[in-house]
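A quick write-up on the structure given underneath.
Letters A, B, ... mirror the listed sequences (proteins, then strands); counts begin at 1.
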Amino acid sequence: MSEKSLLQLLQSRFGNVVTGGDADAIDPWIQVEPQSLLNVCTYLRDDNKLRFDLLNCITGVDYFEPDAKKAAKSPWQPHTELVYHLSSIALKHTLVIKVVLPRWKNDQEGSLPEVDSVSSVWRTADWHEREVYDLSGIFFQGHPDLRRILCPEDWVGHPLRKDYQMPLEYHGIRGR
Amino acid sequence: MATGFDSRVVEYDVRTDEMLVNMGPQHPSTHGVLRLVLRTDGEIVSEVTPHIGYLHRCAEKIGENLTPRQWIPYTDRMDYLAGMNMNLGWSLAVEKLMGLQLPDKARHLRVIIAELGRIASHLVGMGAYGLDLGTFSPFLYAFREREKILDLFEEVCGARLTYSYITPGGATADLPPGWIGRCEAFLNELVPIISDYHNLLTSNAIFIKRTCGIGVLSAEMAIDYGCSGPVLRGSGVDYDLRRDGEERYTEMYDGYSFEVIAERDGHYPKDHQYPKVPQDAVLGDCWHRFYVRMLEVMQAIDLLRQGFDRYSAATGDWGTPIKLTQKLPKGEAYLETEAPRGQMGFYLVSDGSSIPWRVRARSSSFCNLSVTHEICRGVPIADVPAIVGSLDIVMGEIDR
Amino acid sequence: MRLNVILFFGKHPGAKRIVAEFINSLLSLSSDHALGYVVASLIHCVLLLHVIAVGALVFIWMERKVSGRIQDRLGPTRVGGRFGWLQTLADGLKLITKEDLMPGAADPLLFRLAPYLSFAASFTAFLALPFADGWAAQVLNVGAFFVLAVLGLEVFGVILAGYGSGSKWSLFGGMREAAQVVSYEVPLGLCVLVPVTVCGTLNLVTIGNMQAGLFTNWLIFQNPFMPIVFLAFFTCAMASVNRAPFDLAEAESELVAGFHTEYSGLRWSIFFMAEYGSMFVVSALAAILFFGAWHGPLPVFASISASPYLMHIANLAGCTNFILKTVIGVTVMIWIRWTLPRLRIDQVITMCWKYCVPIAAFCLVGTVAWEVTGLPWIGDMTPNRNPMGSVREHWAQDDPVASTSHSVVIAEGRRND
Amino acid sequence: MTDFTELSAVAMLPLGIVWHTVFFWVFAALTSGFAIAVVLEKNVVRMALYLIATLSATAALFMLAGAHFIGAMQIMIYVGGTLVLLIFGVMLTAQSAFVSMRTSGGEWVTGAILGGVLFAMLATNAISVKAWRTYYKEGTQVSVDAVETVAPIGLALVGIRTDARVESPSGPAAIQSGYLLPFEIISVHLLVVLIGAAYLARTKVQLPGRSA
């Protein structure tokens, strides 16, 4: 199944849930509404023509420019993107799903944006979501055990956010 | 008494207490700084909780501040047992973003280097697995052979562990004159030694007892957890990115003939000259994972031999590395390659400058390790190293 | 009040008696004066202590050399000249200078006591071990039984170390060791019983002497079951002294270092002395029970061993023979250790109860049947046959009263009072 | 071949110390000292350690008396038995309440009475054996010959009493009364005890997910 027909299929199936996409990009992608991510993913996995049985990777990308001067020139509004790379072992095709989230929930600094966990669809999402939560600061609703995974449990902040500041001190160890 | 239980059914058991045991982060057989919290009842482990992150070096954060070529040494330090393959993965991902096409010679050079790296990595995997099962000698035998590969690598790039050899655009240097001959001689030496390893481990009665039917990972579960590489193929899934991956990667292997090492109808490809699959072995157990690795060494030798001729015959350049401050096109690219430990993916987002906006490394061992708690449930303590060892993890890659 | 020294110095006219008489003659005391015996006993103890200590020294060096050669490397090469033969001594010096650590959670008494307990058990087993005809610190009438019983004691040190260290890994190691040793004592005892039934005595010196002559007189050639018993014995022996592939108590890939995880320095090295001592003892036991003890394959010294002075030369050669055989046994253990993977604890126990015990029991029954029916085997077809049965039956048939004479004499002694 | 020549030597130091007596007192003191320590100790594992020491010292006493077989037996069986006790002590009573035991006053009284009665019985019996009350005058030579303990015991176990043959000249019938029956009874008894112990060590657990 070619990328274009795949995108069309999804757009026809889910309609306005799929809010965008680019079939001509290096890796063709579709953008999905955060609320219906779980539905789309379940469909992608279970549909006989798609069968995306393997979740390769989840990436959180923080679009934010801490430098105000540069921020004025940047082409996008600050936001956070979740990128899901999927592939099908059975049918040998791939797909990228993007979910756009606000940097902070309700624009309140410190409250993490929320999205449904897909760990019930692919169990590999369990650790990947923990990593994204840990490093990029995105809260996954319905995750069975959302703890930090790479940083210590009492670490403050989410290092892969562009406005992250290394703490001055961590348990007596100099940070900066 | 809870409802649904029949009060007449009573099981007799010795009353014992549960104990929480920390295996690691300093433990001889956790392959680095992995910490497993075991909930044990006597010798039986009822629950394993892996804790990782002790080797976290913020590689992705560093990558947001370096140009792609500058970040190559950091990829070396991810899977430090297969640095060449890490370099290759990252280079291909950058090339994918830039749309670079490589000359034929560079392609064959990369195949040779990648497969040699695979042999080196699997040799360590094999030796360390022997160590996990309590036999020391295979480890040193494996290192003896690996040293020779490292010698070859040293000739190529001057380093023995962190090579930074393959770069976006090709490699930092061509293979030195006469290197192919030396490599070929080494392979001729290695082939009979491999059958020694089979005698020492694969077909050893105690080894079979310790690995067959232990840590069985079903194909469904392996895919569900995103396992890849020998762990996935050991479960009988016929999937190898060198054949099934993206075109940008598979075209590297164009014209090479190889069969994916996965069991079909109780047989592995070309397995007549190796030990038979033991009766007790269950598809997806530790033995199969180990066996797949051993066969992949032979497969790599075969690929190398094909590569030598092609490389010698190939025309063109061995590649020109991109400039250190090469501007990247705006966009994003994700590419997975078949590293020795599984599918190693690199993802980079570029905003048009020479430094990527976001760099991501999808680690194969990370996913392979995440299955631990499933397959270590209810096994004796001694099997925990056996199972974790059979996943052949490298903490540098997991923690990044 | 006077009492016979036999009671605690043994009645066998062994090396000790000769030494004792020599000392007494030096001090111009009567030849059977106790002082000479006491000094002779002390000399024996010191000698044995050296056997175990030097033995450990050599075996550790050998382990490193052999493992080195097995693994395609050289092993130690520098300390003490060409072959690095002083490496162990250097290691020992290093261990002595190391800090003696004790974990805070440890039970101080048990933690400190454990290594010595292990070592004492191993050392005590040496007391009954004959190195040549009569060359034993104490020739015991129940030698084989005594050695087995005392070797079983070594496990106490391990368990106490496991418990006393206050570490979970140590506890696992100790418990494994306990389960393993308690299990393996059964087949080990059964295996020892087979040569003992053939010889009809538990006295190691007698068993050794019965195998004099051509090598076909060795017990391993006594009947078809013997080689099987020997293999079972060697397996059980390795298991009971904790050698790979049965070294579950210290399984480094699972339990860090098992029972000695928390030990350092000298205490740790004492555990090792005990381990190598035990290896020596079980190999020696194998040599005595199956491979002709101190007798060489050809009876070269047979003619001179009758003479009172030349006998010592024969004994010296016998001692060399014996140690050689033992060292071969230890070398095989080292070889196995560096070749095979480790078994799992349940497999070790399965091996014991499902394989070793039935095999040993079957061979015991088979041997008894073979001996009773008097079927011939290799040994019987060669000249210079040593009639095994002669000693076995002599007390039962020839003169059953003789063996009870002591009670009679004591009674008479009392009546004299 | 082994030389069975009897050796007759007299063990007495110039100072008049009889070595045998010295060793006897040493081991007797160890036996009783550790026995008391077993009673006074509160930690189960240390208790077991002291028990082992007591039993080992007893084995030494047996050896001193020339009963090598019984001595080795003592080590093998009792010390090995204590080993199992130790394992069970640690494994089955891992709860802190058991590792360090506290004895109540009532238990002390019961224990003292029982122990006292047992001690009194044994002491009376020991004293009442006439032969044991005799003492040797200085200068008496006691000759003790072969201390072959294994063979007679082994023979007696299969029904041949070599010692009985000497003392009862009445005929073969008296000779044949060995230890076979008591041995078998004890064996079966031990088996029963083993099974009983295994039964007692088990606990009833209601497992979920099972229905009749």
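Chain B forms more heavy-atom pairs under 4.5 Å with one residue of A:Lys92, A:His85, A:Arg45, A:His128 than with any other, namely A:His85. Contact count versus chain B (heavy atoms, under 4.5 Å) is highest, among A:Trp122, A:Trp127, A:Tyr164, A:Trp29, for A:Trp127. When the candidates B:Leu369, B:Val371, B:Leu232 are compared by the number of heavy-atom contacts under 4.5 Å with chain A, B:Leu369 comes out ahead. When A:Leu160, A:Asp62, A:Asn56 are compared by the number of non-hydrogen pairs under 4.5 Å with chain B, A:Asn56 comes out ahead. Among the candidates B:Glu336, B:His56, B:Glu246, B:Arg358, the residue making the largest number of heavy-atom pairs closer than 4.5 Å to chain A is B:Arg358. Of all the listed residues (B:Ala333, B:Ser370, B:Cys58, B:Ser363), the one sharing the greatest number of non-hydrogen pairs under 4.5 Å with chain A is B:Ser370.
With a 4.5 Å cut-off on non-hydrogen atoms, A:Ser136 touches chain B through its side chain but not through its backbone. Contacts of A:Arg147 with chain B are made by side-chain atoms alone, with heavy-atom separations under 4.5 Å and no backbone atom involved. Contact of B:Thr49 with chain A is made through the side chain alone, with heavy-atom distances under 4.5 Å. For A:Arg161, the part lying under 4.5 angstrom from a heavy atom of chain B is the backbone only. For B:Arg400, the part lying near chain A is the side chain, with the backbone staying farther off; criterion is any non-hydrogen pair under 4.5 Å. Heavy atoms of B:Leu335 lying under 4.5 Å from chain A are absent altogether. For B:Tyr334, the parts sitting under 4.5 Å from any heavy atom of chain A are the backbone and the side chain alike. Residue A:Val96 does not touch chain B at all, counting heavy-atom pairs closer than 4.5 Å.
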Would you please test B:Arg360 and A:Glu131 for salt bridge (charged side-chain N to carboxylate O under 4.0 Å, His left out) and show each step? CA-CA 11 Å; B:Arg360 170 93 168 107; A:Glu131 189 183 335; 3.0 Å; yes
side-chain contact (heavy atoms from CB on, under 4.5 Å), that's the test. Do B:Glu374 and A:Arg123 meet it? Break it down for me. CA-CA 11 Å; B:Glu374 288 276 2; A:Arg123 274 187 279 184; 2.9 Å; yes
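Atoms OG and CG, on A:Ser87 and B:Asp244 in that order, are 10.0 Å from each other to the nearest 0.5 Å. We find the OG-CD1 distance between B:Ser228 and A:Ile89 to be 8.5 Å, quoted to the nearest 0.5 Å. Here the SG atom belonging to A:Cys57 is positioned 9.0 Å from the OH atom belonging to B:Tyr347, to the nearest 0.5 angstrom. Put simply, CG on A:Leu150 and CG on B:Leu55 are 10.5 Å apart, with the number rounded to the nearest 0.5 Å.
Of the possible polar contacts, none joining the B:Lys61 side chain to the A:Leu135 backbone as a donor-acceptor pair under 3.5 Å is found.
Using a 4.0 Å cut-off between a side-chain N of Lys or Arg and a carboxylate O of Asp or Glu, B:Glu332 and A:Lys98 qualify as a salt bridge.
Taking 4.5 Å as the limit, some side-chain heavy atom of A:Leu54 sits within range of a side-chain heavy atom of B:Gln343. Contact of the A:Tyr63 side chain with the B:Val349 side chain is registered, since non-hydrogen atoms from C-beta on lie closer than 4.5 Å.
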